Each structure stands twice: as structure tokens, then as C-alpha cells.
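Please read the structure below before turning to the comments.
All chains are named by letter (A, B, ...) in the order of the sequence lines, taking the proteins before the strands, and each is independently numbered beginning at 1. These numbers come from a predicted model, not from an experiment.
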Number of protein chains: 2
Amino acid sequence: MYRIMEKTEKSKKRESYHHGDLRAQLIEATRVLVEDKGPDHFSVSEACREAGVSTAAPYRHFKHKDEMLLAVTKEGMDRKYQRMVAAVEQHPEGSLERIVALGQVYVGFARDEPGVFRLIFGNTRDHKMHEGLMEDGPRHYGFVEGEVAAFLGRGGVDEDAKERAFMLWTFVHGLSFLLIDEKVSSTDHSFDLDRLLLQVARRVMIDSA
Amino acid sequence: MYRIMEKTEKSKKRESYHHGDLRAQLIEATRVLVEDKGPDHFSVSEACREAGVSTAAPYRHFKHKDEMLLAVTKEGMDRKYQRMVAAVEQHPEGSLERIVALGQVYVGFARDEPGVFRLIFGNTRDHKMHEGLMEDGPRHYGFVEGEVAAFLGRGGVDEDAKERAFMLWTFVHGLSFLLIDEKVSSTDHSFDLDRLLLQVARRVMIDSA
DNA sequence: TCGGCTATGTTAGAAACTCTAACTTTGACA
DNA sequence: TGTCAAAGTTAGAGTTTCTAACATAGCCGA
């Protein structure tokens, strides 16, 4: 699991009245708690205890609890996107490996940070409240569609490319949740993630429309 | 959305001290609230208001809040399973239509009862607390594997059948969540569920291993 | 250097929620 | 008919989110 271990100089017991870095530290505390207890068992109070401030302090930085979660969500989406871009760059343009790599990052992120993954893709009605969050999803997905179209050798993203991209998304999305919800044991000897991703990528990307 | 409208004779304002049907009525109230507000915004107090009893009353029937949700979960799984069996029976044995029908029920259930669907497949660590709930999942999934094997014309469920069944599950699972989480708009003119399910069923079930 | 403004802390407390304890009612059954 | 247990009730402890009113201090202009 993803952990940031570097602690700011004021991480424990500050001596000044003002904290100096509270907003960032609250977001980080929130992220850790979300991973530890799950998004629905996260409490503001606990984050405050963690950061060593009163329970009223966060409300100088966030309108309400959900805004803290949204901050973590946003930050998580950015991180996930960066991983996707980095993964793709390691393979030649238009190759199937790029597609597979995208799937690996998707599932990998879910397993590394299930809490944040849930925030990103779970019940997301309140994403609308966050500035820019609603735009990130389609933009990131557009990137995937572009890769799919590139593999197919099309000029642009046509209907067929969209459909195939959607099948792939659906697949890795479902797989991610089944894994983090422990509906399927990844330790099962017959479970081979890379093989499975390759299988699916082939079945979806190759042959007739 | 699924609604039970029949009201028991004591549904509103009972005159007797004892309720008579509280357990069942609380489960039903819980189910409705879970659909209306989502599983994580459900509160025992509200269910009590709904049923017209004090907030302490449920604790005669359930150990804690989660046990009420588990009851709804269990009941939902049973209902989902029945729908699956019923759907399959409408098509000839070993036909691809049976496979597609299973997918339709899966996604259909998610759309009809997103709240309960989330309970069944969401963060399910506490399913262990419920007697029998942990066994239901594998049993229902075994049924699907059987159908897949039947289509393939195998004697039993071999490794290949298992892998294909898993791909299908993963797909409909992901699709369900993307739909109920509004990551993809089902009203999009290019979105055709039946077509998509058939596409995927073909790609997964037909041709080389 | 000083005075004040504003950002960012604090404490106190309201309202909601989960769950327990102790009490009450009532149906069932010996 | 009398008693017990099941299943309600009220009271309240402890936690939570969030607001209001107050406190501190960093910064900035005179």
C-alpha cells in the first residue's frame, strides 16, 4: 500500500498556536485513514487526532467532511493518471502491450490503494461538488480511447474503438472491485493477472468487430 | 426500482404495545432506505421512524446496525439468484442465450436495486458475521460456471470453463458498477446493453482458448 | 516599531446517531 | 389464573459533524 512516510517538521506536537501546514496534513491523514478503515469508516475527528488539532480546525480549510474526501479523491486520480501515462510510455506506440499495461495500472492501483480507488469509483454523486473532478474522468478515459484507436490503426477514435475501449474498461473495473472486495482470492494458484489481462486484451482487440 | 407496496395490517399506528411484525418491517424499511439514500447513509433511527417504534426497539431483533444491513443483503442475494434461475430456464440448455440472459439479470438487478447491489458486492468484510451469507456467493457463482461448462459441451467445469466464466463475471460486474455509479450514461444513444452483452459473450465464449 | 487585519487556531455546544440499561407491557402457557 | 419471557419503552452515555464565539499570531502599512 501507498504510504508517505516523510513527516513535516511540525508533524508531532507543534509548539506554535498556528499549525502552518494543516490543510496538506489533514489530506494526508484522511488518505491514510481511508486506506486503513475504508472510506465509509473515516471520521473527521480521527483525522484531527492524527494531526493534533481540535475537531473544529478542519472547517477552516474544508466546508465539510466530504470535501476532505474529495481532496483525497482528486489527488488520487492525478496519481493514477500519471501511472497510466508512465506505463504506456514503456512500450512502442500502437502495440498491444500498451493496452495491457493500462489494464495493469488500473488493477494495480486498485490493489495498492483500495480505499482511494473506492473514493474515485465508488458512489460518486458528490463528485459534482468538486471543481474539476468531473472533468478528470472523461479526460483520463479519453486517453485510453486514444490508445485503443492507435492500436487499431485508425485515424481517430471511431465507434468501434469506443466500443472496444469500453469493454476493456468494464473488464478491468469489474476485476478491480472483485479483487479488493475479496470476491476472488488473488492468491488462488489458478489466478494469473497478467495472463488474464492479455487474454482479454486479445479477445477484445483482435479479430472481427 | 423494486418496491413492496403491500402493507401489513399494523403498518401504520399500531394500537397494541407490541408490534407483532417488527423484524420483517424493519428489514423492509432498511431496504427502502438503502435504495433511497444509499447503504452508507442509512440510519437505524430513520428506519425506526419509518416503522413507528423507538430507536431502541431494533436491538431486540438485531445485534447492531450492520446486522440489519446483512439481513437485507441476504434477502437480496436470494432474490437475485431466483431471477438468474428463472431467466436461464427460458432458453434451451447449452445455448448462448442462457449465458447472455445471466448477464442481463446481473446488470438488470444492479440497475433495479443499486442499493442492495452495493450491499451484496460492496465492501463486504462483514459478510463473515452473517450465517450462510459467505456460502451463497460461491454457490450462485457455481451455477454460472455450470452454465458456461454446459455451453462449452464439457462434462464438468474444467479450467477453461472457469476462466471464461470469470471473464464474463468480471465484465458484467464492472458494467454494473459503471452504470449505477453513473460513470457511463446508459441513455447515451450509442449504448445498447443487449448488443454489448452479446458481443462480449461471443468474444469470451467462442473460438480458441 | 507599532497597531490592526485577517487567517487560522481554540473551546463550547447543538443536533443526530448507535447502542446499553433499566423499566413496562402483554401474550402464552403451565 | 399467575408467572415468565419476549418485545416494547424511556433515559442516557458516548461519538460524531458542524457552527458560533472567542483567541492567537503572522503580516503589512504607517
Quick one: is [X] getting a side-chain N or O under 4.0 Å of the [N] phosphate, OP1 or OP2?
{"X": "R49(A)", "N": "dT15(D)", "value": "no"}
{"X": "S43(B)", "N": "dC17(C)", "value": "yes"}
{"X": "T55(B)", "N": "dT18(C)", "value": "no"}

Should [X] and [Y] count as side-chain neighbours, where that means a heavy-atom distance under 4.5 Å?
{"X": "L119(A)", "Y": "V34(A)", "answer": "yes"}
{"X": "L178(A)", "Y": "F166(B)", "answer": "yes"}
{"X": "L197(B)", "Y": "V172(B)", "answer": "yes"}

Take atom [atom1] of [X] and atom [atom2] of [N], then tell me their distance rounded to the nearest Å.
{"X": "D21(A)", "N": "dG9(C)", "atom1": "CG", "atom2": "C1'", "answer": "14 Å"}
{"X": "F42(A)", "N": "dT16(D)", "atom1": "CZ", "atom2": "P", "answer": "11 Å"}
{"X": "K37(A)", "N": "dT16(D)", "atom1": "NZ", "atom2": "C1'", "answer": "14 Å"}
{"X": "E67(B)", "N": "dT18(C)", "atom1": "CD", "atom2": "P", "answer": "15 Å"}
{"X": "E50(B)", "N": "dC17(C)", "atom1": "CD", "atom2": "P", "answer": "13 Å"}
{"X": "R23(B)", "N": "dA6(D)", "atom1": "CZ", "atom2": "C1'", "answer": "14 Å"}
{"X": "D40(A)", "N": "dT16(D)", "atom1": "CG", "atom2": "C1'", "answer": "15 Å"}

Task: From dA20(D), dA11(D), dC17(C), nucleotide with atom closest to A56(A) side chain - done: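 Nearest to the side-chain atoms of A56(A), counting from C-beta on, is dA20(D).
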
Open item on the list: The side chain of V44(B) is closest to which nucleotide in this list: dT18(C), dT10(C), dT10(D)?
Closed with: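 Closest nucleotide among those given: dT18(C).
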
Task: Electrostatic pair E35(A):R31(A) at N-O distance under 4.0 angstrom - done: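 No, this pair does not count.
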
Open item on the list: Can you tell whether the side chains of K80(B) and E113(B) come within less than 4.0 Å, N to carboxylate O?
Closed with: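 Salt bridge absent between K80(B) and E113(B).
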
TODO: Please find out if less than 6.0 Å separates the ring center of F117(B) from that of F177(B).
DONE: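 Yes, they do, as the ring centres are separated by less than 6.0 Å.
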
TODO: Kindly state which residues belonging to residues 59-66 of chain B come within less than 4.0 angstrom of DNA chain D, counting heavy atoms of the residue only, listed by number.
DONE: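 The answer is R60(B), H61(B).
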
- [ ] Cation-pi check, R139(B) to Y81(B): give yes when NZ or CZ is under 6.0 Å from the six-membered ring centre and within 45° of the ring axis, no otherwise.
- [x]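 Yes, R139(B) and Y81(B) form such a contact.
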
Open item on the list: For I180(B) versus R118(B), what's the shortest heavy-atom pair and its separation?
Closed with: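 Here I180(B) and R118(B) meet closest at O-NH2, 3.5 Å.
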
TODO: For the pair Y106(A) and H173(A), name the ring-plane relationship: parallel under 30°, tilted 30 to 60°, perpendicular over 60°.
DONE: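 Correct class here is perpendicular.
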
Open item on the list: Five pairs per end, C1' atoms only: what is the angle between the end axes of the helix from dT1(C)-dA30(D) to dA30(C)-dT1(D), to 10 degrees?
Closed with: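 That helix has its two terminal axes inclined by roughly 10°.
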
